[in-house]
Structures are given as C-alpha cells and as structure tokens.
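Presented below is the structure to which this report refers.
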There are 2 protein chains.
Amino acid sequence: MSPEPMRDESEFLASYDPRAYDPVAVTVDVVALTIRDGALHVLLVRRGGAPFAGMWALPGGFVHAGGRREAEDLPDAAVRELAEETGLSGKDGALGRVHLEQLGTYGAPGRDPRMRIISVAYLAFAPELPDPEAGGDAADAAWVPVGALGLTESGDQRPGTTRRLAFDHARILSDGLERARGKLEYTPLATAFCGDEFTIPELRAVYEAVWGEELHAGNFHRKVLSVPGFVESTGATSDRGGRRGGPRPRLYRAGDARLLHPALLRPGREEEIR
Amino acid sequence: MSPEPMRDESEFLASYDPRAYDPVAVTVDVVALTIRDGALHVLLVRRGGAPFAGMWALPGGFVHAGGRREAEDLPDAAVRELAEETGLSGKDGALGRVHLEQLGTYGAPGRDPRMRIISVAYLAFAPELPDPEAGGDAADAAWVPVGALGLTESGDQRPGTTRRLAFDHARILSDGLERARGKLEYTPLATAFCGDEFTIPELRAVYEAVWGEELHAGNFHRKVLSVPGFVESTGATSDRGGRRGGPRPRLYRAGDARLLHPALLRPGREEEIR
DNA sequence: CTAATAGTGTCTGTGAGACAATATAGC
DNA sequence: GCTATATTGTCTCACAGACACTATTAG
C-alpha cells in the first residue's frame with residue numbers, strides 16, 4: 001500500500017504533515033538514443049556547476065511535485081526535460097514521434113552528494129534530431145556517440161575515457177542500452193529511430209548500430225517482411241540507390257504490430273547466458 | 001543529470017535546502033507472488049485506516065530516506081516491507097531464496113489523496129511461504145488467489161469483485177502479472193517458485209498457474225531438459241508418484257543459466273500482438 | 001484392475017542462417 | 001566496366017507442437 005497505515009504518533013504526523021517526512025527529492029533522467037552516421041548516439045549535457053562540474057550527465061531535472069508548481073506526471077516531466085534540452089517542442093511537436101518508456105528508478109543513498117535523490121529514468125528512441133542548444137547553465141549539450149564513452153559490461157567507464165559521466169549515469173546509460181538491445185528483438189521499435197518512411201537497409205542499419213554487429217542483408221530483409229505488422233509498403237521507391245551503388249530500395253512505413261512474432265533474435269548469444 | 005544545475009535563486013535554494021522542495025514522499029510497494037494449491041497467489045494486506053479503509057493493498061511503506069532514520073536503498077526497503085508483512089526474516093533468512101526485481105515506478109498526481117507519493121514497485125517470486133500475520137494496524141494479511149481479484153486487461157477490477165484494491169494497486173498488480181508471465185518465457189525464474197528440489201511436473205504447474213493455460217506434459221518435459229542450464233539433475237527420485245498415480249518423477253535443482261535459450265514461449269499469442 | 005501420470009520416441013511444419021543468383025545503381 | 005548493394009531463391013538444421021507408446025503408481 002502506498003503510505004502504510006498509521007502505526008504510532010510519528011507515523012500519524014507523517015501521514016498528514018509532509019514536512020515531517022525524511023527529506024527526499026524526485027528527479028527524472030532521460031536516456032535519449034538516436035542514430036547518427038550509422039552510429040548510436042545518446043543526448044548528454046555538460047554540467048556547469050557543482051557537484052560533478054565539467055562532467056557529462058543525462059538530461060533531467062526535478063519533477064514538479066505540486067508545491068510551488070502544478071503537479072506533473074512522471075512521463076510529462078521526462079518529455080519536458082527532453083524538450084528543454086533539445087529545444088524541440090514536446091508531445092505535439094517534433095518530439096511527438098519519439099518513443100518514451102520508463103527504464104527504472106535509481107535511489108541508492110549517496111548517489112547524489114547533496115541529499116537523498118530518487119531518480120526515475122526514462123528511455124527514449126528518437127529519429128535523427130538537430131543538435132541541441134546548450135541552454136541555461138548547462139555548459140554544453142550534444143549527441144555523443146555511445147562508443148566514445150568507454151562503457152563496460154559492469155556499468156562503469158573504462159579508465160582514460162575523456163567524457164566522464166556524473167552521478168550513477170554510466171550505470172543508468174548501460175541499463176538503457178541493454179534495454180534497447182532487447183527491445184529491438186521483440187518489438188518493432190527500431191522504426192522509432194527512422195523517419196516516417198524508411199528502407200529495409202536503413203532499418204538494418206538501426207539494428208547494426210544498436211546491437212553492434214553486422215547482420216546478413218538478405219536474411220534480414222526476408223525476415224522483416226515476413227513478420228506480420230512490422231512494416232508496410234508505401235509502394236514507392238527511394239530516389240537513390242545504396243551508398244556505394246546498387247538498386248533503389250523500396251520504401252516502407254511502420255506497421256501496426258506492437259510485438260514481433262516471431263521475434264528477431266540477436267545472433268550468437270549462447271555464450272553470454274550464464 | 002540528477003538535480004539540474006542551479007538556474008536561479010529558487011533553484012539554488014532548492015539544491016541545498018530540502019525543505020524548499022515540493023513536498024513529496026517515496027514508498028515501495030511489493031507484488032509478491034507464490035503458488036498455492038496450483039494457483040497463483042499474491043500477498044495482500046487489508047487497510048485499517050483511511051484512506052481506502054477496509055480495502056486490500058499491496059504490502060509497502062515509506063522508504064527510510066535518511067532524515068530521522070538511517071538511509072536505506074530501495075531494494076532493502078522492499079525486503080524490509082516484505083519481511084515485516086510475512087513475519088519471515090529478511091535476506092539472510094527465509095526470504096533469501098526469494099527473487100526480487102524492480103517492477104516500475106508509479107507517481108501520477110492524485111494517486112494518493114493525502115499528498116504527492118512516488119511509489120517504486122517491486123516484483124517478488126517466492127516458494128510457498130506460511131500465512132502472513134496481520135501485524136501492526138493492518139486489519140488482515142493473506143495470500144490471495146489472483147483469479148479472485150477480477151483483474152481486467154486494462155488494469156482495473158471487474159465490478160462486483162468483493163476484494164477491492166486501494167490506490168492504483170490493481171494497475172501495479174496487473175503490470176506485475178504481465179511481467180511475471182513474460183519472465184517465465186525467457187528466464188529460469190519459474191524455479192524461484194519451487195523449493196530447492198523440484199520435479200518437472202511441479203515446474204510445469206508453475207508455468208500453468210502463471211500463464212493460466214495447460215501445457216503439454218511430454219513436450220514441456222523434453223523442452224526443459226533441452227535448455228542448457230535450466231535445471232540440473234539431483235540423481236534422486238521423488239518419494240511419491242503423481243497426484244492420481246503414475247511413476248515417481250525425478251528431482252532437479254535450478255541450473256546456472258540466467259536466460260533460457262531457446263526461450264520457452266507461451267503458446268498461441270499470435271492474436272494479442274496488434 | 002483401472003485410470004492417471006512420467007518419461008521417451010517420432011513425425012511434421014516453421015523458421016533461422018548459410019549460400020547463391022540476379023538485377024540495378026554509383027563511380 | 002567494376003563493385004557494392006537490393007532483393008529473391010534454395011538448402012539445411014534446429015526446434016515447437018502433435019501424437020503415440022511404455023512403464024509405473026494411486027486408489
């Protein structure tokens with residue numbers, strides 16, 4: 001149950017006087033992913049002030065909980081933070097096609113040196129968006145290639161990586177990447193990284209960027225078309241052939257499936273299962 | 001980033017004076033599942049006081065955030081609440097074999113009529129445990145058959161259901177059940193519902209209770225044994241045959257796999273995919 | 001004895017992946 | 001022309017599911 005029933009006087013007070021609670025703040029952080037130049041990128045901001053000044057961090061901020069400002073729901077807070085950082089308009093605008101889902105909540109004591117912070121992380125899949133503007137006091141904001149962050153399987157950054165991540169954001173980002181890799185297996189969300197119309201080779205490039213391995217073009221093509229509802233044909237053909245030649249690929253739109261069946265499983269995962 | 005950098009004076013104050021924040025509290029709620037008499041059960045408590053007095057709720061309570069009490073991590077809070085409700089000892093005791101994972105965070109404004117509450121929900125898979133004791137001010141506590149709660153696909157309860165769930169706990173429970181159904185497909189966590197040693201028919205009963213459909217005994221048996229690391233033989237044989245006759249099944253332990261490969265997919269899901 | 005169950009064998013359809021072939025575009 | 005690419009075809013192996021069969025136990 002959400003607040004437990006009163007147990008003694010202090011609990012009674014706590015139920016009705018918020019100030020009697022342990023002090024805690026709630027933030028949202030967003031792992032926003034996109035594909036640029038065939039590589040997976042994440043939106044990061046460089047911190048201007050302490051703590052972790054000069055380090056990079058996921059875009060995020062406090063949830064408007066209802067005191068001085070109108071109470072907002074958690075996904076709304078995530079969209080708001082993303083819109084503020086990217087300079088794009090929210091749900092009704094350019095961010096309308098962005099897929100957003102809750103990733104997880106991070107609340108270990110000490111994860112923020114100032115006070116107890118509970119951070120609800122969201123995961124976003126976006127088509128290619130313009131460069132963000134370093135707004136407010138963020139020293140910088142940019143789409144950063146995920147490969148340049150030196151993430152290890154354990155959620156840390158390799159020593160020597162130039163762009164260091166603040167707080168536990170390396171862990172959050174690692175969790176987001178693993179979630180994204182899995183999501184591509186059994187949902188059609190790879191299309192959220194593409195424009196409204198896309199070719200099968202473009203879709204394959206999304207899979208290759210997120211999974212970090214090349215896929216067999218022929219088998220991928222047949223597989224995508226064989227899964228009901230994954231993509232639907234527009235009937236049109238791209239106006240250009242492949243990058244280094246080849247016939248003009250056909251154009252497709254996202255289909256109406258919410259799950260891929262059968263799934264599109266990552267190759268060669270037998271080893272990493274124990 | 002977790003607290004965003006200071007942007008103006010109020011933000012500056014907010015960064016260092018917790019009392020300047022919007023008042024918000026963080027709780028954990030636990031969807032604890034087990035199998036009893038071949039049916040899936042969830043641990044619920046009946047509320048003694050307002051709001052929602054007399055209704056049933058998931059066990060849960062406030063996270064000790066570090067004010068008056070020592071700061072605790074979110075999973076520790078979930079284990080503590082589970083231990084308090086079940087009367088069993090925590091990580092080192094009877095709850096040691098319980099699987100616990102984060103389910104999601106629920107923070108819509110108004111979900112608790114008293115104040116803004118952010119609730120981090122956890123999902124637990126437990127072997128059969130004793131009946132809980134209605135401790136503290138909970139009017140009652142019990143393992144309740146999930147089927148008796150009249151949950152609909154949309155996360156509500158059917159009208160006429162006698163046991164009503166408080167807050168948004170019907171939604172949280174529905175999400176937990178759907179997560180559990182999926183987890184059994186691609187992880188060996190069905191073994192978390194069994195004792196240390198179990199038979200393949202017992203394991204099949206877990207799948208049937210969670211998925212709500214009968215499975216083909218022969219194919220299930222061969223499938224479980226063919227997935228590397230799912231189960232390992234103890235060499236022993238159960239001392240009794242099947243409920244209504246039959247040979248004595250062999251005993252197995254949980255294996256070392258963390259993922260099932262190939263997965264054990266639910267039959268007949270082609271329809272519910274759009 | 002009878003019925004139900006554990007465990008194994010066999011067959012078939014589907015699908016993943018390797019490999020190949022053909023046509024088309026960039027250079 | 002040369003090469004890379006899009007798309008389709010073919011083959012093989014793994015596996016899910018249907019069905020069948022035997023041995024064993026409860027009642």
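Hydrogens, waters and symmetry mates are skipped; everything else that's a heavy atom, side chains included, is used. Just so it is clear, the structure is predicted and the values come from calculations on it, not from any experiment. In what follows, chains carry the letters A, B, and so on, assigned in the order in which the sequence lines appear, proteins first and then strands, with residues in each chain numbered from 1.
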Worksheet item: What's the CD-P distance between A:E202 and D:dT7, to the nearest Å?
Response: 11 Å
Discussion item. Taking side chain to side chain donor-acceptor pair (under 3.5 Å) as the definition, give me every residue that meets it alongside B:R164, ordered by chain and number, with sequence neighbours left out.
Written reply: none
Practice prompt. Only counting residues at least two apart or in another chain, list the ones meeting salt bridge (charged side-chain N to carboxylate O under 4.0 Å, His left out) with B:R179.
Written response: B:E101
Worksheet, complete the sentence: Contacts of A:R163 meeting side chain to side chain donor-acceptor pair (under 3.5 Å) (sequence neighbours excluded), chain-then-number -> none
Worksheet item: Once you round it to whole Å, what is the distance between P of C:dG17 and CD of A:E214?
Response: 15 Å
Practice prompt. Please name all residues satisfying side chain to side chain contact (heavy atoms under 4.5 Å, CB included) with B:A124, sequence neighbours left out, ordered by chain then number.
Written response: B:V30, B:A32, B:L82, B:V98, B:L100
Worksheet item: What residues, two or more places apart in sequence or in another chain, satisfy side chain to side chain contact (heavy atoms under 4.5 Å, CB included) together with A:T152?
Response: A:S154, A:D156, A:R158
Discussion item. So if I apply the side chain to side chain donor-acceptor pair (under 3.5 Å) rule between B:N219 and each of B:K223, B:R222, B:H221, which one comes out positive?
Written reply: B:R222
Worksheet item: Whole Å only: how far is the CG atom of B:L203 from the C1' atom of C:dG7?
Response: 15 Å
Practice prompt. Check side chain to side chain donor-acceptor pair (under 3.5 Å) between A:Y252 and all other residues, then give those that pass, not counting sequence neighbours.
Written response: none
Practice prompt. Write down the distance between CZ (B:R266) and C1' (D:dA16), rounded to a whole number of angstrom.
Written response: 17 Å
Worksheet item: Which residues pass the ring-ring contact (aromatic ring centres under 6.0 Å, His included) test with A:F193, sequence neighbours left out?
Response: A:F125
Worksheet item: Are OP1 or OP2 of D:dT8 and a side-chain N or O of A:R250 less than 4.0 angstrom apart?
Response: yes
Discussion item. Using whole Å, what does the distance between atom P of nucleotide D:dG17 and atom CD of B:E213 come to?
Written reply: 10 Å
Worksheet, complete the sentence: Numerically ordered, the residues 179-200 of chain B set in heavy-atom contact under 4.0 Å with DNA chain D is none
Worksheet entry | side chain to side chain donor-acceptor pair (under 3.5 Å) against B:R244, all qualifying residues, sequence neighbours excluded | none
Worksheet item: Considering only side-chain heavy atoms of B:P267, which listed nucleotide, C:dT8, D:dG17, D:dA6, is closest?
Response: D:dG17
Item to complete: Would you mind building the protein contact string for nucleotides 18-27 of chain D? One character per nucleotide, 5' to 3', B for base within reach (heavy atoms under 4.0 Å), S for sugar-phosphate only, - for untouched.
Response: BB---BBBS-
Worksheet entry | Interatomic distance, B:F220 CZ vs C:dT8 C1' [rounded to whole Å] | 16 Å
Worksheet entry | Check: A:Q157 side chain, A:L149 main-chain N or O, donor-acceptor pair, under 3.5 Å | yes
Worksheet entry | Summary of side-chain hydrogen bond (donor to acceptor under 3.5 Å, both in side chains) pairs that have at least one residue in residues 197-207 of chain B, sequence neighbours excluded | none
Distances for protein N/O vs nucleotides 13-15 of chain D N/O pairs under 3.5 angstrom?
none

